[in-house]
Protein chains: 2
Amino acid sequence: MRIGEVARKTGVKAETIRFYERVGILTAPSRTRSNYRDYGPAEAARLIFIRRARDLGFSMPDIRELLELSEEDDRSCAEVDSLARAHLGQVERKIAALQVMRDELSRMIAKCEQDTISECRIIDTLAVRDR
Amino acid sequence: MRIGEVARKTGVKAETIRFYERVGILTAPSRTRSNYRDYGPAEAARLIFIRRARDLGFSMPDIRELLELSEEDDRSCAEVDSLARAHLGQVERKIAALQVMRDELSRMIAKCEQDTISECRIIDTLAVRDR
DNA sequence: ATGCACCTTGTAGCCACTACAAGGTCAAGC
DNA sequence: GCTTGACCTTGTAGTGGCTACAAGGTGCAT
């Protein structure tokens with residue numbers, strides 16, 4: 001498969017695939033006579049794995065580790081589990097932080113009564129030193 | 001005030017203040033004889049405004065606009081309101097996306113029974129093509 | 001032969017900082 | 001007067017995870 005086809009099959013754009021190769025998360029594939037990258041099903045599977053993990057918000061270092069771990073068949077998956085749990089914790093903290101933001105934005109907007117700027121409660125809220 | 005003091009007072013790091021000046025969100029202050037930046041209370045207030053808006057997740061272009069609007073006292077704050085609402089919408093979409101992530105991560109982790117990698121449900125879930 | 005989709009490499013840009021290097025300034029203490 | 005140390009200056013490069021070019025080569029159908 002050339003890069004375009006593997007891009008269509010995996011949902012990872014060609015540019016991104018080349019980027020992954022450059023940063024070493026994907027090994028350089030063999031080339032055709034005309035110097036085109038030539039991928040097999042194993043590479044496609046790896047890309048799907050990467051995409052799924054990215055979709056779930058795993059960082060590139062995390063994915064690197066998950067990929068390494070996934071190749072050691074007879075090892076305990078405790079490390080995989082702990083990586084996933086750590087990431088879940090991060091996602092939960094991010095949600096909590098965004099909820100705080102959302103609530104404060106809502107409160108701020110609710111106070112706005114569409115006056116002139118000089119009376120604007122939104123600008124006020126932003127400018128105020130405390131809270 | 002020198003940059004360090006205004007940094008302490010506003011909660012914006014000195015490097016970040018210099019960065020804001022470079023990108024033009026903050027005008028260059030006057031200098032002391034020894035070429036140190038010399039800030040007054042107006043600049044500190046502006047920095048507090050910026051920090052509050054950043055804490056609420058507003059982007060730099062948004063903040064630029066909020067700052068401009070905040071200076072036109074006799075204008076309607078409808079634009080401020082719509083900026084804030086648009087941003088609230090973004091935050092809400094981000095929360096929703098993260099909740100989807102969180103749920104899928106939770107499901108994935110729940111399936112893991114701490115076997116070996118070859119049986120690992122987490123690795124499996126990531127590798128599988130469809131959902 | 002021509003057109004077009006596809007591929008190649010390399011570089012720069014995105015966001016909002018953050019880190020670092022190499023040097024200048026100032027006040028206090030000895 | 002000299003050292004120490006906190007503070008300041010400038011400029012540059014790095015972060016993450018791509019994305020967007022530019023300038024050119026290849027493969028296949030018409």
Side-chain angles (χ1 to χ4, degrees), chain A residues 1-26 28-40 43-44 46-67 87 90-91 94 97-98 101, chain B residues 1-26 28-40 43-44 46-67 87 90-91 94 97-98 101:
Chain A
M1 278 184 289
R2 290 191 304 183
I3 201 168
E5 192 181 346
V6 79
R8 273 189 301 281
K9 281 202 176 139
T10 60
V12 182
K13 290 186 190 165
E15 293 96 330
T16 307
I17 297 174
R18 281 191 285 256
F19 165 75
Y20 285 160
E21 182 184 323
R22 205 165 65 244
V23 300
I25 212 169
L26 208 63
S30 55
R31 301 286 183 130
T32 66
R33 254 160 303 160
S34 51
N35 199 30
Y36 289 178
R37 284 171 181 80
D38 191 17
Y39 295 97
E43 274 118 330
R46 197 173 169 97
L47 273 169
I48 285 163
F49 185 103
I50 294 170
R51 190 176 68 75
R52 296 260 319 134
R54 288 289 308 137
D55 286 351
L56 288 174
F58 283 96
S59 68
M60 305 270 297
D62 278 359
I63 292 175
R64 219 178 270 272
E65 202 168 340
L66 285 172
L67 283 165
H87 178 51
Q90 279 177 32
V91 170
K94 205 173 275 178
L98 283 170
M101 257 192 215
Chain B
M1 278 183 288
R2 291 191 303 185
I3 202 168
E5 192 182 345
V6 79
R8 272 189 302 281
K9 280 202 176 139
T10 62
V12 183
K13 290 185 190 167
E15 293 95 332
T16 307
I17 297 173
R18 281 190 285 257
F19 165 75
Y20 286 160
E21 182 184 322
R22 207 165 64 242
V23 299
I25 211 169
L26 208 63
S30 55
R31 300 286 184 131
T32 65
R33 254 161 304 163
S34 51
N35 199 31
Y36 289 179
R37 284 173 182 79
D38 192 16
Y39 296 97
E43 274 119 329
R46 197 173 169 95
L47 274 169
I48 285 163
F49 185 103
I50 295 169
R51 190 176 68 76
R52 295 259 318 134
R54 287 291 307 137
D55 285 352
L56 287 174
F58 283 96
S59 69
M60 304 273 293
D62 278 359
I63 292 175
R64 219 178 270 270
E65 202 167 342
L66 286 172
L67 283 166
H87 179 51
Q90 279 177 32
V91 169
K94 205 173 276 178
L98 283 171
M101 257 191 214

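Because the structure is a prediction, the values reported are computed rather than measured. Naming convention: chains lettered A, B, ... in sequence-line order (proteins, then strands); numbering from 1 in each chain.
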Helix axis bend for the helix from C/dA1-D/dT30 to C/dC30-D/dG1 - C1'-based end axes, five pairs, 10° rounding: 30°

Whole-Å distance separating the OH atom of A/Tyr39 from the C1' atom of C/dT8: 12 Å

CG on B/Asp62 to NE2 on B/His87, rounded to 0.5 Å: 7.5 Å

Sugar-phosphate, base or nothing in reach of A/Ser59, heavy atoms under 4.0 Å: sugar-phosphate

First encountered from the 5' end of DNA chain C, between B/Pro61 and A/Arg18: A/Arg18

Gap between atoms CD1 and C1', on A/Ile50 and D/dG17 respectively (whole Å): 13 Å

Pair of N/O donor and acceptor under 3.5 Å linking D/dG17 base with A/Tyr20 side chain: no

Separation of C/dC6 C1' from A/Asp38 CG (nearest whole Å): 14 Å

B/Tyr36 side chain, from C-beta outward: closest of D/dC8, C/dC6, C/dA16: D/dC8

Atom pair CD1 (B/Ile3) and NZ (B/Lys13), whose distance is rounded to the nearest 0.5 Å: 13.0 Å

Length of the CD-P vector between A/Glu15 and D/dA22, whole Å: 14 Å

Any B/Ser34 side-chain nitrogen or oxygen under 4.0 Å from OP1 or OP2 of C/dC26: yes

Option among B/Arg8, B/Arg2, B/Lys9 that satisfies the salt bridge (charged side-chain N to carboxylate O under 4.0 Å, His left out) test with B/Glu5: B/Lys9

Beyond-backbone contact of B/Ile50 with B/Thr10, side-chain heavy atoms, under 4.5 angstrom: no

Distance, rounded to the nearest Å, where B/Glu21 contributes CD and C/dA16 contributes P: 18 Å

Phosphate contact (D/dT10 OP1 or OP2) by B/Arg31 side-chain N/O below 4.0 Å: yes

Under-4.0 Å side-chain N/O to phosphate OP1/OP2 contact, A/Arg54 with D/dC18: yes

Gap between atoms CD1 and P, on B/Ile17 and D/dC8 respectively (whole Å): 9 Å

Which residue lies more 5' along DNA chain D, comparing B/Glu5 with A/Arg22 via nearest heavy atoms: B/Glu5

Point-to-point distance, once rounded to the nearest 0.5 Å, from CZ of A/Arg51 to OG1 of A/Thr16: 11.5 Å

Rounded distance (Å) that lies between atom C1' of C/dT18 and atom CD1 of B/Ile3: 14 Å

Rounded distance in Å - CZ (A/Arg8) to C1' (C/dA5): 10 Å

Closest-nucleotide 5' rank along DNA chain C - winner of A/Arg2 and B/Phe19: A/Arg2

Gap separating the CD1 atom of A/Ile17 from the CD atom of A/Glu43, nearest 0.5 angstrom: 10.0 Å

Any B/Arg37 side-chain heavy atom under 4.5 Å of B/Met1 side chain: no

Donor-acceptor under 3.5 Å (A/Asp38 side chain, A/Arg31 main chain): no

Contact under 4.0 Å: A/Arg37 side-chain N or O vs C/dT9 OP1/OP2: yes

